[in-house]
2 protein chains.
Amino acid sequence: MDTRNEHTLRWERDVVAWHDEADVVVVGLGSAGACAAIEAAETGADVRVLERASGGGGTSALSTGQIYLGGGTAIQVACGFEDSADEMFQYLMATCGPEPDEAKIRLFCDESVAHYDWLVAHGVPFKGSFYGEGSYTPTDDCLSYSGSELTHAYRDIAKPAPRGHTVQQVGIEAGGQLMQSLIAAVEKTPARVDVDVRCESLVVNQARRVVGIAAVIEGRERLYRARRGVVLCAGGFIQNREMVKRHAPWLARCKYRMGTDGDDGRGIRMGMSAGGDAIRMHTGCIVLPFTVPKGLLRGVMVNRYGQRFINEDAYQTVVGEAALVHHDGQVFLIVDDAIYERPFPPTEFAAVGETIEELERELKMPERSLQNTLALYNAGAEKSEDTVFQKDAEHLQPLVHPPFGALDYRVEHSLWSVFTMGGLHTDTEGRVLTPDGYPVSGLHAAGRTTSGLAAQGYSSGLSIADATYFGRRAGRACASSEP
Amino acid sequence: MDTRNEHTLRWERDVVAWHDEADVVVVGLGSAGACAAIEAAETGADVRVLERASGGGGTSALSTGQIYLGGGTAIQVACGFEDSADEMFQYLMATCGPEPDEAKIRLFCDESVAHYDWLVAHGVPFKGSFYGEGSYTPTDDCLSYSGSELTHAYRDIAKPAPRGHTVQQVGIEAGGQLMQSLIAAVEKTPARVDVDVRCESLVVNQARRVVGIAAVIEGRERLYRARRGVVLCAGGFIQNREMVKRHAPWLARCKYRMGTDGDDGRGIRMGMSAGGDAIRMHTGCIVLPFTVPKGLLRGVMVNRYGQRFINEDAYQTVVGEAALVHHDGQVFLIVDDAIYERPFPPTEFAAVGETIEELERELKMPERSLQNTLALYNAGAEKSEDTVFQKDAEHLQPLVHPPFGALDYRVEHSLWSVFTMGGLHTDTEGRVLTPDGYPVSGLHAAGRTTSGLAAQGYSSGLSIADATYFGRRAGRACASSEP
């Protein structure tokens, strides 16, 4: 992979001839790029979408197709759930920190219902049904609790409501249907999509305004003039080994990197090259997949010292972050014979034992460490209380039925998945900001090329919510810029 | 504080007239800037140092004046300690991660003895004496263990040697003497120092090379042409509230920010504006001051759940990082009547009790949590073993003499101190690199304006080691650049 191409910035004065031009040039046809293109085209702007793969979709097409929406969407209402923009705001402010972007969250919550309606109006199908809990729905159902809404601390901060809206498609990769719908919506506009176009460098003029982009098509350079501006929707950087090593090396330990080849950080690097700030580059969405089947939440998650560190029913990305960032990815789920079910994805036992003492010994944990933890946990569970981490009573059951086992969720042994969450700093209009907080003229961005609603804490569906909602705003703002 | 000045970049074509010019313009007269100026001047270059305060010194002058050096310096040898560049390299690679800059560490270790000699030759005084352990020496002694050399894991990775070299001055702020000496050395060169000069913007030409800098003196703009280049030695960003909030909000929770007003991140922002990459912006050096008197290391550090999380004799910055980043800054040191001594700095009790059970209740910790922890700790300490975290036997003593107390080291209640460690990405010559890894022409940087030897893990003395050694290299490389 080319990570050392020095041509992430070019000068207009060196441009001999433009090969093509448009009002708005959108880089990337994932969910952010599609929404940017639709909005820009609907303002009447002439739009060009440049996609480096042979077809649109991006990482969104590989996703679960879950979108975090609320405040009383048609489906929430149909399924009998009460929600409001304010409750949603309280929840996101509490969970998206530290120091989440309040302006973005406020706006997104206020307009979430309208955004749902916009998606439906542009052909994205949702079934009017409630599924349950979790980051994905294997059925074609829609609504689920996709974050920490029901769990300790958060349930007292904001009235819980399910806000994960999964696009209607049977199977866990509903992102395919999402992107099929959005690309069809792009095709209904006059926006033109060019595929197999690899964007390499922004072109700036002497006033430091972005005025175009240099791309490579079949080995030949093509220069696109952007009269009103460029919108970078080129994904994150999880596939760029050097950038991950430099900014967030712990993420490289996760086995499954959620992203396409395009998630090589080029969009972020191009934006920085034109003066943009990149923020929260150390963060990622870290999924520790231990919650299927749900009965496993009755297990006890411990670190290498046999200590619990979180309520196991916290959202799986929250558990993943705690486990990887704070406990070195060295964690086990303790189960007994009564609660054990075969986990999905398949996960091996690191150790089994007829007693907790034996299990502790097999895991080479300090003597009495795991025994103390389980004794404390079981004593509470007997009374349906988790006095330490407040796991919900629903998931409390003393682990007393031998044999006991430690499911091996160490990051090297289990199918953790991850994508990057750091990126360009943008405002609510998708304008890329400099380190001093001023917009880079002619440059917008959205999706995982940017740092979005969630600074670090995550609920599933936030990335596509970010990409589609702020993609729309970036497209519209760019199309409305002075040429 | 001005954090939104949009003029961090200017164009040469807009320069009507330069007010002054030099081969090398050094921004900031802390330890990095002083060393850069000396080296640049010693090559014969015409050097201008621009300092925004009314005199040089910077944050280095407020520091303990400890410099991490080794490999067999004259003082190590005189005090009878064996060390080698390779042992030092193994130690730094193990402690400065994750993903420390190997090229910088290799070079620094190989040249550490020569760097010590250079400092001495330039008038920095060191007494040929060994003090002991710790991040500072209240006496005028020199050598001390200023990191994790003697503690679990690291003592087996590299042969321990004391490498903290404190400049000779009675009291804990020997940085004053360091800077007095270095500034005197600057004054012996033809380099000219201008004070009360606030640098605001780099000036670049159409080839995107840095060719000068715009500064403000008494409200009036002054433009300095830099024929060979600019060296940014302008400190970190701990005093910039917006930047800390955006990149590392947890650091803002520490009461004492180690820095001058100049540590407002302007150097970093100027460098980014000219195309430089900023890396590890989320990291900081976090000092949790619980190790004086040393007998307190026999205490037991626990988090809000009554759990231990580290060997208490790990270096205090390592404990500080673990406590703040991984345990939310909510930690207590449990002591009994036998080991208690009045801590320095003064620290209150969060709770006292005749039994651990009472202490646990007073601290509102979960029932049996702290009791289990202490039972496990005491059982090991009886046998001079810490089976969980391997604290050295020297610091193991069962806590069994009532009354018991919990010293309140929560971040809001205790005098934690902090500075930022993220900054511009530079190579071993101090050249500022773009996100694609290419040097920004005409731009060098050193000191806390850069991310240095330590990616995150820290030993005391590394910042001034970084600043002085790579400041020298940056000055020399800049002076040797093509004009």
Side-chain angles (χ1 to χ4, degrees), chain A residues 2-9 11 13 97-99 206-208 242-243 245-247 249-250 252 265 268-270 272-273 275-283 305-309 322 325-327 365-369 372-373 375-376 379-380 386-389 425 434-438 455, chain B residues 2-9 11 13 97-99 206-208 242-243 245-247 249-250 252 265 268-270 272-273 275-283 305-309 322 325-327 365-369 372-373 375-376 379-380 386-389 425 434-438 455:
Chain A
D2 168 26
T3 64
R4 288 181 59 87
N5 187 317
E6 63 188 315
H7 301 297
T8 43
L9 197 73
W11 299 101
R13 68 186 164 84
E99 294 292 346
Q206 294 204 343
R208 229 186 177 205
E242 276 300 312
M243 284 182 78
K245 180 176 166 184
R246 198 181 303 146
H247 294 288
W250 43 90
I268 296 170
R269 287 178 282 132
M270 284 196 285
M272 291 182 76
S273 185
D277 197 6
I279 63 173
R280 304 164 180 161
M281 292 291 280
H282 66 290
T283 60
Y305 306 112
Q307 297 170 322
R308 284 179 82 206
F309 55 92
V325 177
H326 304 314
H327 297 273
M365 286 178 177
E367 194 181 335
R368 294 217 53 77
S369 58
N372 281 348
T373 298
L376 189 57
D386 173 6
T387 57
V388 188
F389 294 101
H425 189 199
T434 69
D436 290 310
Y438 281 84
Chain B
D2 169 23
T3 63
R4 288 181 58 87
N5 187 315
E6 63 187 315
H7 302 297
T8 42
L9 196 73
W11 298 101
R13 67 185 164 82
E99 294 290 345
Q206 292 203 344
R208 229 186 177 206
E242 275 300 313
M243 283 181 78
K245 181 175 163 183
R246 200 182 300 148
H247 294 289
W250 42 90
I268 297 169
R269 286 178 282 132
M270 283 195 286
M272 292 182 76
S273 185
D277 195 7
I279 64 173
R280 304 163 179 164
M281 293 290 281
H282 66 290
T283 60
Y305 307 112
Q307 297 170 324
R308 283 180 83 207
F309 55 92
V325 178
H326 303 314
H327 295 274
M365 286 177 177
E367 194 181 336
R368 296 216 53 75
S369 58
N372 282 348
T373 297
L376 188 57
D386 174 6
T387 57
V388 187
F389 295 101
H425 188 200
T434 69
D436 289 310
Y438 280 82

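Just the heavy atoms: all of them, side chains too, but no hydrogens, waters or symmetry mates, feed the values below. Order of the sequence lines sets the chain letters (A, B, ...), proteins ahead of strands, with each chain counted from 1.
Of all heavy-atom pairs spanning A:A278 and B:M272, the tightest one is N-CE, 4.4 Å. Nearest approach of B:L376 to A:S369, heavy atoms of both residues: CD2-CA, 4.2 Å. Listed here is the closest heavy atom pair of B:W11 and A:Q206: NE1-O, 3.4 Å.
In this structure, chain A has heavy atoms under 4.5 Å from both the backbone and the side chain of B:I279. When heavy atoms are compared at a cutoff of 4.5 Å, A:A207 approaches chain B solely by way of its backbone atoms N, CA, C and O. When heavy atoms are compared at a cutoff of 4.5 Å, B:E367 approaches chain A solely by way of its backbone atoms N, CA, C and O. Neither the backbone nor the side chain of A:A455 comes within contact range of chain B; no heavy atoms are under 4.5 Å apart. Proximity to chain A (any heavy atom under 4.5 Å) is shown, for B:A379, by neither the backbone nor the side chain.
Using cut-offs of 30° and 60° for the angle between ring planes, the A:F389 and B:Y305 rings count as tilted.
Of the possible polar contacts, one joining the B:Q307 side chain to the A:R308 backbone as a donor-acceptor pair under 3.5 Å is found.
The line from NE2 of B:H282 to OG1 of A:T283 is 9.5 Å long, rounded to the nearest 0.5 Å. For the atom pair B:M281 CE and A:H247 NE2, the distance stands at 10.5 Å (nearest 0.5 Å). Expressed to the nearest 0.5 Å, how far CZ of B:R368 lies from CG of A:N372 amounts to 7.5 Å.
In terms of heavy-atom pairs under 4.5 Å with chain B, the best-connected choice from A:H327, A:R13, A:M365, A:K245 is A:R13. Options A:I268, A:D277, A:T387 differ in how many heavy-atom pairs under 4.5 Å they form with chain B, and the most are formed by A:D277.
The shortest distance between side-chain heavy atoms of B:R246 and A:E99 does not fall below 4.5 Å.
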